[in-house]
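Remarks on the structure that follows.
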Amino acid sequence: MCEEVFEMICSMDRRKIELQLVLQCAPTIAGLKTSNLLIVPKDLEDKVRMVLRHSGLLGYRLVYDKKRVIFLVFNRDMLMSYLSRDEVGDFLVKYGYRTDAFGYCLRHFQKRYDAYVHCRKDFPHEMGVFLGYPLGDVEGFIKNGGDNFLLSGYWKVYSDVAEAQGLFEKFDVVKDDMVRMVSKGYSIKSIVSYYATGATEVAV
């Protein structure tokens, strides 16, 4: 994050949903990633749903964590496509998923994550798949217990370092650009549309 954008954030209302969305979910908003986690205070849950409405993105509530609510913000088509890959399906079956039903997969993941947060049951390592991480990196993380990674950024990388590094750089660029757009009053719907169409003009 460049100094200009950092100073911009410091001057903005940190409870502004649009700002939190671009800070936490910029890669998904830009169509570069299937999904991101969004963590906000509980009292902002309804505002999250309102801001996402008609944006083309979905917010699935995963869990209430003390004073916070955690959403999976995702592009439905992209996430469904990723979960439908044979190798990803084979991986999920190991954790008790029935991969022929997208809604079931989300609910099963939600239950496993909720059990981890509230009952300290095993961490649902398949979270990496629901966040669109490369399967090789998810499996590498599990095998190595989070150690011995080749690169650490938006996730820990165990396979294609060059590709991951390129993605991480793109993620940083779109995040900075989106903060600038939010500071000018652009809506999340307009920002999603901008990245989807490559338009040069965005309606506030």
Side-chain angles (χ1 to χ4, degrees), residues 1-79 106 109-110 113-114 116-118 124 127-128 130-133 152-156 164-204:
M1 179 176 294
C2 67
E3 183 176 351
E4 169 213 351
V5 171
F6 177 76
E7 292 177 353
M8 196 175 291
I9 292 171
C10 290
S11 68
M12 297 170 71
D13 179 4
R14 296 299 292 269
R15 283 176 57 86
K16 185 179 177 67
I17 292 300
E18 290 83 356
L19 177 60
Q20 287 303 319
L21 274 164
V22 301
L23 288 176
Q24 299 182 52
C25 306
T28 299
I29 295 170
L32 298 173
K33 193 169 176 285
T34 62
S35 49
N36 281 101
L37 293 182
L38 173 68
I39 304 173
V40 296
K42 284 183 181 178
D43 64 320
L44 295 180
E45 180 176 356
D46 289 342
K47 288 188 177 179
V48 169
R49 298 186 187 284
M50 185 178 301
V51 169
L52 287 178
R53 189 175 301 153
H54 309 305
S55 70
L57 299 175
L58 298 176
Y60 187 84
R61 188 184 69 218
L62 293 176
V63 67
Y64 291 117
D65 178 14
K66 296 181 180 179
K67 297 181 179 180
R68 309 176 303 172
V69 56
I70 303 175
F71 285 94
L72 181 71
V73 175
F74 63 97
N75 178 300
R76 182 182 179 87
D77 290 342
M78 288 179 66
L79 184 56
L106 283 179
F109 171 54
Q110 186 274 327
Y113 187 47
D114 187 86
Y116 166 74
V117 170
H118 292 114
M127 174 183 282
F130 283 89
L131 291 174
Y133 301 166
S152 181
Y154 285 79
W155 62 83
K156 290 184 177 179
Q165 183 65 60
L167 278 174
F168 294 169
E169 290 172 1
K170 289 180 181 179
F171 294 171
D172 288 341
V173 169
V174 297
K175 182 186 296 183
D176 284 359
D177 287 346
M178 287 182 193
V179 169
R180 294 186 184 98
M181 295 171 80
V182 168
S183 74
K184 294 177 181 177
Y186 296 141
S187 68
I188 293 300
K189 179 181 177 182
S190 295
I191 296 173
V192 170
S193 177
Y194 172 79
Y195 281 93
T197 63
T200 56
E201 296 291 336
V202 183
V204 177

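Heads up: numbering here begins at 1 and tracks the sequence. Side-chain atoms are counted along with the backbone in the values below, which use heavy atoms only and exclude waters and symmetry mates.
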N75 CG to S55 OG distance, which is reported to the nearest 0.5 Å = 9.5 Å
Derivation and outcome, side chain to side chain contact (heavy atoms under 4.5 Å, CB included), residues F71 and R49 | CA-CA 10 Å; F71 285 94; R49 298 186 187 284; 3.8 Å; yes
Determine the interplanar angle of the Y113 and F109 rings, folded into 0 to 90°, and report it as parallel if under 30°, tilted if 30 to 60°, perpendicular if over 60°.
-> parallel
So NZ of K16 and CD1 of I9: to nearest 0.5 Å the spacing works out to 13.5 Å
Does the pair N36 and T28 meet the rule for a side-chain hydrogen bond (donor to acceptor under 3.5 Å, both in side chains), with working shown?
-> CA-CA 6 Å; N36 281 101; T28 299; 2.6 Å; yes
Quick one: salt bridge (charged side-chain N to carboxylate O under 4.0 Å, His left out) partners of D172, sequence neighbours excluded?
-> none
Within the side chain of K33, is there an N or O that forms a donor-acceptor pair under 3.5 Å with the backbone of L131?
-> yes
For the atom pair CD (Q110) and CD1 (I70), what is the distance rounded to the nearest 0.5 Å?
-> 11.0 Å
How long is the span from the CZ atom in R76 to the OG atom in S35, to the nearest 0.5 Å?
-> 13.0 Å
Are any non-hydrogen side-chain atoms of L21 and L23 less than 4.5 angstrom apart?
-> no
Would you kindly say whether S187 and S190 are connected by a side-chain donor-acceptor distance under 3.5 Å?
-> yes
Is there side-chain contact between R15 and D43, with heavy atoms separated by less than 4.5 Å?
-> yes
Indicate whether any N or O donor in one side chain lies under 3.5 Å from an N or O acceptor in the other, for Y186 and E18.
-> no
Is V22 close to I188 at the side-chain level, that is, under 4.5 Å between some pair of heavy atoms?
-> yes
How long is the span from the CD1 atom in I191 to the CE atom in M181, to the nearest 0.5 Å?
-> 5.0 Å
Is there a side-chain contact between D13 and L19, using heavy atoms and a 4.5 Å cut-off?
-> no
Looking only at atom types and distance, does a side-chain atom of T34 sit under 3.5 Å from a main-chain N or O of M78, one as donor and one as acceptor?
-> no
Begin from the C-alpha positions of Q24 and L37 and carry the test side chain to side chain contact (heavy atoms under 4.5 Å, CB included) through to its verdict.
-> CA-CA 7 Å; Q24 299 182 52; L37 293 182; 5.8 Å; no
Would a 4.5 Å heavy-atom cut-off, applied to side chains only, mark L62 and L72 as touching?
-> yes
Kindly say whether I39 contributes a backbone atom to a donor-acceptor pair with the side chain of Q20 at under 3.5 angstrom?
-> no
Sidechain-backbone polar pair: D65 side chain, R68 backbone, donor-acceptor under 3.5 Å = no
Excluding sequence neighbours, so at least two apart, what forms side-chain contact (heavy atoms from CB on, under 4.5 Å) with R180?
-> C2, E4, V5, M8, D176, D177
Would you say Y195 and V174 make side-chain contact, with heavy atoms under 4.5 Å?
-> yes
State, yes or no, whether a side-chain contact exists between P41 and K67 at a heavy-atom distance under 4.5 Å.
-> no
Locate the shortest heavy-atom distance separating Y154 from Y133; write the atom from each residue and the value.
-> O-OH, 3.6 Å
Can you check whether Y64's main-chain N or O pairs, donor with acceptor, with H118's side chain at less than 3.5 Å?
-> yes
Measuring from Y60:OH to L106:CG, what's the distance to the nearest 0.5 Å?
-> 5.5 Å
L58 side chain reached by V73 side chain, heavy atoms, under 4.5 Å = no
